[in-house]
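Bear in mind that the values here come from a model prediction, so they are computed numbers and not experimental data. All values below were derived from every heavy atom in this structure, side-chain atoms included, with hydrogens, water molecules and symmetry-related copies excluded.
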There are 2 protein chains.
Amino acid sequence: MFLQLVYRRAYSGGVPELAEVDQLKDDDRLTAWRLFLESYRRVLDTLDDELQSERGLSLAWFDVLVQLFNAPDHRLRMNQLASRILLSKSGLTRLVDRMEAAGLVERASSPTDRRGSFAVLTPRGEGVFRDAFPVHLDGIHKHFARHLTAAEARTLAKVFEKIRGPLTSAAECAPPD
Amino acid sequence: MFLQLVYRRAYSGGVPELAEVDQLKDDDRLTAWRLFLESYRRVLDTLDDELQSERGLSLAWFDVLVQLFNAPDHRLRMNQLASRILLSKSGLTRLVDRMEAAGLVERASSPTDRRGSFAVLTPRGEGVFRDAFPVHLDGIHKHFARHLTAAEARTLAKVFEKIRGPLTSAAECAPPD
DNA sequence: CCATGATGGTTGTTCTTGCAACTGGTTTAC
DNA sequence: GTAAACCAGTTGCAAGAACAACCATCATGG
């Protein structure tokens with residue numbers, strides 16, 4: 001799904017009633033939007049392919065490894081892990097199932113709350129992570145960071161912070177005013 | 001899958017051999033990367049939810065409608081449509097099946113090449129598109145464009161053009177030099 | 001003209017994901 | 001202390017997507 005938008009074509013073409021929508025004048029912004037979408041898809045696909053072919057690891061798996069590696073004691077509650085990688089509870093259950101079968105993570109039950117369990121990085125998982133990390137970082141550099149000057153990077157960070165900000169938890173809770 | 005990266009933590013933490021990787025110094029760039037990922041996910045999820053709840057349409061369906069609406073004669077070869085919305089051939093076959101069942105598009109066989117078929121926007125599909133378009137455009141404004149100054153929009157466009165550029169067809173064909 | 005190969009789409013299969021329902025454990029209120 | 005509400009994680013189920021194998025058609029070369 002990619003969503004190259006109507007933009008100019010709908011505007012100058014035969015859709016007068018749509019042209020009324022005044023955001024259509026924001027050509028630069030919509031161009032930015034379109035390129036944003038396309039860049040994401042293409043860069044992520046490329047990174048996934050590279051990691052897959054060079055280390056046999058999907059980005060989703062890598063993402064779990066990253067999170068656990070960064071977590072204190074190399075462990076996280078399923079709960080937290082799910083929200084950090086933006087995956088549903090059930091999705092994470094299955095993902096951890098698969099990674100456990102591959103020996104990269106383990107489950108450990110929480111001593112304080114017997115409902116909960118931790119996902120814990122195994123030594124093997126840590127090894128795989130350390131092995132894959134440079135590949136991924138190199139990919140980010142090659143396909144993304146390399147194209148940014150320092151100033152541009154700061155601009156992007158600023159802008160995306162604003163964009164992400166209002167959506168962080170539940171979208172559209174109480175639109176102010 | 002989200003991929004909040006290691007960054008500072010892996011750098012300043014206990015992973016000396018990883019810290020050697022010199023892209024790690026590019027803090028601003030990696031921050032931009034992280035926010036880029038998160039923004040995409042959150043904005044797209046939000047737009048999808050809004051379109052879904054306000055018009056009962058997924059972004060994927062909307063994307064097809066956009067493409068067909070823009071195409072000459074409101075029709076595209078399956079082939080082309082698939083590549084424009086970044087979906088696999090088989091994925092598109094099924095997607096068009098579903099949309100055909102819903103009466104939004106039709107298939108028409110090509111007169112010149114009897115292998116090929118077109119996906120064609122039906123009047124009903126066009127109506128649905130015109131109805132959903134403002135909702136989507138408004139969403140883009142609310143959750144994305146609104147946060148950009150004109151200068152920032154131009155910066156984003158420039159940067160993403162560079163990022164997307166080299167990956168447009170097959171990634172990594174022949175890295176120059 | 002016919003054999004060979006390329007191309008456009010569809011179908012079989014499998015994988016991943018989300019939602020809703022469920023189980024078992026914890027907290028709160030009476 | 002116990003019932004009710006709540007929470008963490010798992011499971012059944014169905015939708016969406018990719019890959020490979022497949023069929024039909026077109027293009028090429030003898």
Checklist entry - Where does the angle between the aromatic ring planes of Tyr40(A) and Tyr40(B) fall among parallel (under 30°), tilted (30 to 60°) and perpendicular (over 60°)? => result parallel

Checklist entry - Which one, dA18(D), dA8(D), dT11(D), comes nearest to the side chain of Arg94(A)? => result dT11(D)

Checklist entry - Under the criterion side chain to side chain donor-acceptor pair (under 3.5 Å), which of Arg55(B), His143(B), His136(B) is the partner of Glu50(B)? => result His143(B)

Checklist outcome for this item: d(Leu68(B) CG, Phe118(B) CZ) to nearest 0.5 Å is 11.5 Å

Item to check | Whole-Å distance separating the CG atom of Asp48(B) from the P atom of dG16(D) | outcome: 11 Å

Checklist entry - Under 3.5 Å, is there a donor-acceptor pair between the side chain of Asp73(A) and the main chain of Arg75(A)? => result no

Checklist entry - Parallel under 30°, tilted from 30 to 60°, perpendicular over 60°: which one fits the rings of Phe160(B) and Phe160(A)? => result tilted

Checklist outcome for this item: Of the candidates dG9(C), dA20(D), dG18(C), the side chain of Asn79(B) sits closest to dG9(C)

Checklist entry - When the C1' atoms of the five terminal pairs at each end define the local axes, what inter-axis angle does the helix from dC1(C)-dG30(D) to dC30(C)-dG1(D) show, to 10 degrees? => result 10°

Item to check | Between dT16(C) (P) and Leu57(A) (CG): distance, integer Å | outcome: 13 Å

Item to check | Position toward the 5' end of DNA chain C (nearest nucleotide), Gln80(B) or Arg98(A) | outcome: Gln80(B)

Checklist entry - Where along nucleotides 21-29 of chain D does protein come under 4.0 Å, by heavy atom, of base (B) or sugar-phosphate alone (S), with - for untouched nucleotides? => result ---BBS---

Next on the checklist: Main chain of Ala102(A), side chain of Arg124(A): is a donor-acceptor contact present, judged purely on distance under 3.5 Å?
Outcome noted: yes

Item to check | For atom CG of Leu95(B) and atom P of dT10(C), their distance in whole Å | outcome: 12 Å

Next on the checklist: Can you measure Arg75(A) atom CZ to dG9(D) atom P for me and round it to whole angstrom units?
Outcome noted: 13 Å

Item to check | Check: dG18(C) base within 3.5 Å donor-acceptor of Ser90(A) side chain | outcome: yes

Next on the checklist: I'd like to know if the side chain of Asp48(A) reaches the main chain of Leu59(A), judged simply by a donor and an acceptor atom lying under 3.5 Å from each other, with no hydrogens or angles considered.
Outcome noted: yes

Checklist entry - When you measure from the side chain of Arg107(B), which nucleotide among dT11(C), dT10(C), dG8(C) comes out closest? => result dT10(C)

Next on the checklist: For Lys142(B), is there any backbone N or O sitting under 3.5 Å from a side-chain donor or acceptor partner on Arg146(B)?
Outcome noted: yes

Checklist entry - Roughly how many Å is it from CE in Met78(A) to C1' in dC7(D), rounded to a whole number? => result 15 Å

Next on the checklist: Please classify the nucleic acid contact of Thr93(B) as base, sugar-phosphate, or nothing, using heavy-atom distances under 4.0 Å.
Outcome noted: base

Item to check | Atom-pair distance (CG on Asp97(A); P on dG9(D)), nearest Å | outcome: 13 Å

Next on the checklist: What's Ser110(B) touching, base or sugar-phosphate or nothing? Going by heavy atoms closer than 4.0 Å.
Outcome noted: nothing

Checklist entry - Just how far, in rounded Å, is P of dG8(C) from CG of Leu76(B)? => result 14 Å

Next on the checklist: Before we go on, tell me: are the rings of Phe69(B) and Phe133(B) under 6.0 Å apart, centre to centre?
Outcome noted: no

Checklist entry - Quick one: the side chain of Ser88(A) and the base of dC19(C), do they pair up donor-acceptor inside 3.5 Å? => result no

Item to check | Rounded distance (Å) that lies between atom P of dG9(C) and atom CG of Leu92(B) | outcome: 9 Å

Checklist entry - CZ of Arg114(B): more than 12 outside heavy atoms within 6.0 angstrom? => result no

